[in-house]
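Positions are given from 1 along the sequence. Counting starts at 1 for both ligands and their atoms, following the listed order.
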Amino acid sequence: MKEIDFNSLKPYGDTTDDGALQMSFTLPIEPSAKAREAATQLVRGWGFFDVKIAHMSKIGVNYCLFVVMARTDKGVDYARIEVPDLGGEKRTYKEIDRLILANVKRPIRIVGACTGFDAHTVGLDAILNMKGFDGDIGLERYRGFRVVNMGSQVPTEELIDRAVKEKADAILLSKVVSQKDIHVADMRDLIMRLSKRGLEGKFIIVAGGPRVTHKMALELGYDAGFTIGARPSDVANFVYEKMIERIDKAEFKTGKKKSGK
Ligand code: B12
């Protein structure tokens with residue numbers, strides 16, 4: 001078997017390192033032989049070879065969807081890739097709950113919302129609602145969390161007002177729509193408004209959504225970013241660990257004993 005070249009990692013199609021991939025895109029034209037050729041030339045122009053149009057179909061008036069198979073010889077040096085990792089220990093709901101009550105000694109207060117124009121609530125509910133997601137129960141079910149779920153289309157100022165009113169420890173922001181990078185703009189908006197109100201650093205700030213990455217969230221001033229497949233227990237564990245970090249810092253400042261995990 002051919003060895004994988006991690007210094008020039010490529011897609012795997014039929015055989016190791018063959019660089020074969022599948023992509024899909026839409027062109028604002030009707031399907032036709034000319035449209036097929038246009039899509040082929042476009043993909044070749046991007047540097048791909050062995051270009052095959054696997055599927056071409058009309059999607060609405062004057063729009064055409066293409067599914068294309070092609071190959072690339074460009075790889076990435078996998079060994080040199082560095083990316084921030086959410087890390088943290090994997091713990092069960094019961095363990096996290098026990099640790100919160102033992103070490104934080106009160107429920108952690110959380111306010112969550114999906115802000116702006118975004119009406120998608122399923123992702124936030126998956127994390128917060130009792131029933132949770134994928135067999136992993138939601139934060140509302142923990143004795144160690146007190147959750148306010150404000151739902152969707154919440155103005156950022158209202159989210160902040162509520163977090164202040166509830167004396168929240170953490171704000172959980174969900175951003176699903178990412179057209180024209182609106183998720184980034186809305187994530188920035190929260191940080192900017194917190195800072196304007198002198199609330200910078202007051203809350204643990206966590207964002208989530210299909211186009212949110214941990215790296216991007218950190219760059220925008222968040223404590224963490226969770227994406228597709230995030231489970232409530234991952235989020236619960238992260239918030240717990242951040243709380244302990246904050247308690248330790250506060251106790252260190254006041255000269256009190258450090259709390260254990
Ligand atoms: C259901 C759905 C809707 C429902 C939403 C119902 C509801 N109450 O939520 C309705 C029909 C209302 C809807 C409307 C629209 N939708 Co819609 N919708 C979807 C759909 C099919 C599923 C989304 C979903 O529920 N996923 C399941 C959840 C569990 O996954 P998730 O959101 O990724 O959440 C996970 C993680 O991301 C993370 N997470 C998410 N939030 C948070 C928050 C925190 C704090 C944390 C820690 C983690 C976390 O944890 C979750 C669990 O792992 C997607 C397509 C798709 N297959 O994803 C399109 C999709 C999101 N919708 C889309 C669009 C464009 C729209 C509309 C603009 C359509 C229109 N033209 O009207 C409107 C927007 C309305 C608005 N104002 O926002 C696009 C977005 C494209 C983009 N790049 O922005 C998508 C991708 C469809 C598409 N391919 O075009 N939609």
| field | Subset of ligand 1 atoms that lie under 4.0 Å from at least one heavy atom of T227 | value | 36 (C), 37 (O), 38 (C)
| said: I'd like the name of whichever of P210, G225, G123, G208 reaches closest to atom 51 (C) of ligand 1 through any heavy atom. | reply: G123
| query | Does Q153 come within less than 4.0 angstrom of ligand 1, counting non-hydrogen atoms of the residue? | reply | yes
| query | atom 43 (C) of ligand 1: which of A170, S174, A113 has the nearest heavy atom? | reply | S174
| query | In ligand 1, which numbered atoms sit nearer than 4.0 Å to a non-hydrogen atom of G229? | reply | 53 (O)
| atom 9 (O) of ligand 1 - nearest protein heavy atom and its distance | T121 N, 2.6 Å
| note | Here the atoms of ligand 1 under 4.0 Å from any heavy atom belonging to L173 are 43 (C), 44 (C), 45 (C)
| Considering only protein heavy atoms, which is closest to atom 53 (O) of ligand 1, and at what distance to one decimal place? | A230 O, 2.7 Å
| message | Show the atoms of ligand 1 that are less than 4.0 angstrom away from any heavy atom in D118. | response | 78 (O)
| said: Check this for me: does any side-chain nitrogen of one of R193 and D189 sit under 4.0 Å from a carboxylate oxygen of the other? | reply: yes
| query | Does the pair K249/E245 count as a salt bridge with the N-to-O cut at 4.0 Å? | reply | no
| Which atoms of ligand 1 have any heavy atom of V176 under 4.0 Å away? | 32 (O), 61 (C)
| For V235, the ligand 1 atoms whose distance to one of its heavy atoms is below 4.0 Å | 47 (C)
| said: As a test of reading the structure, name the N/O/S atom of H120 that is nearest atom 17 (Co) of ligand 1. | reply: NE2
| D18 with K10: basic N within carboxylate O range, under 4.0 Å | no
| Contact atoms of ligand 1, heavy-atom distance to S178 under 4.0 Å | 82 (C), 83 (N), 84 (O)
